[in-house]
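A quick write-up on the structure given underneath.
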Amino acid sequence: MAELSFASLIERKPVKVDLEGTPVCVTKIGEEIFAIADTCSHSDASLSEGDVTDFKIECWLHGAEFDLRTGEVLTPPASIPVETFEVKRIDDVVTISSRKSAKG
Ligand code: FES
């Protein structure tokens, strides 16, 4: 589990968060927070360094786009979706956790 402050997040400016050794890309859009794997499924690029448009994030290295809500690939060259993580928010505290561990 990783925690961060909602107030510290900047609209559509992803940040990389360490979740027990796994890098996670966390993006704020309005009042919502989305968390997907930070490592692009195409090669070894950090998605949090990419640009966000609508609910899409574009990998800076070769331009693949992923849906921040589902992790699905929207634009090649990536073809494999990225993992999504569970996000909970209580006031200013945002908690990111693995969906796998949440299921036990
Ligand atoms: S590393 Fe992301 S599109 Fe190639």
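Just so it is clear, the values below take in all heavy atoms, side chains as well, and ignore hydrogens, waters and symmetry mates. In each ligand, atom 1 is the first atom listed, and ligand 1 is the first ligand listed.
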Under 4.0 Å from ligand 1, counting heavy atoms only, is it the side chain of Ser43, its backbone, both or neither?
both
Number the atoms of ligand 1 from 1 as they appear, then name those within less than 4.0 Å of a heavy atom of [X], with their elements.
{"X": "Ala64", "result": "3 (S)"}
{"X": "Leu61", "result": "1 (S)"}
{"X": "Ala45", "result": "1 (S)"}

Joint hydrophobic cluster, Val82 plus Phe55, side-chain heavy atoms closer than 4.5 Å:
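Same hydrophobic cluster.
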Is there a path of hydrophobic side-chain contacts, each under 4.5 Å between heavy atoms, that joins Phe6 and Val87?
yes
How is the N/O/S atom of His42 that comes nearest to atom 4 (Fe) of ligand 1 named?
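Within His42, restricted to N, O or S, atom 4 (Fe) of ligand 1 is closest to atom ND1.
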Shortest-distance N, O or S atom of His62 relative to atom 4 (Fe) of ligand 1:
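For His62, the N, O or S atom at the smallest distance from atom 4 (Fe) of ligand 1 is ND1.
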Under 2.8 Å from atom 4 (Fe) of ligand 1, is there any N, O or S atom belonging to Cys59?
no
Taking all non-hydrogen atoms of both residues, which atom of Leu68 and which atom of Val52 are closest, and how far apart?
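For Leu68 versus Val52, the nearest heavy atoms are CD1-CG1, 3.9 Å.
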Charged N-O contact under 4.0 Å between Lys88 and Glu86
yes
Arg69/Asp67 ion pair, N-O < 4.0 Å
yes
No-hydrogen, no-angle side-chain donor-acceptor test under 3.5 Å, Thr95 and Arg89:
no
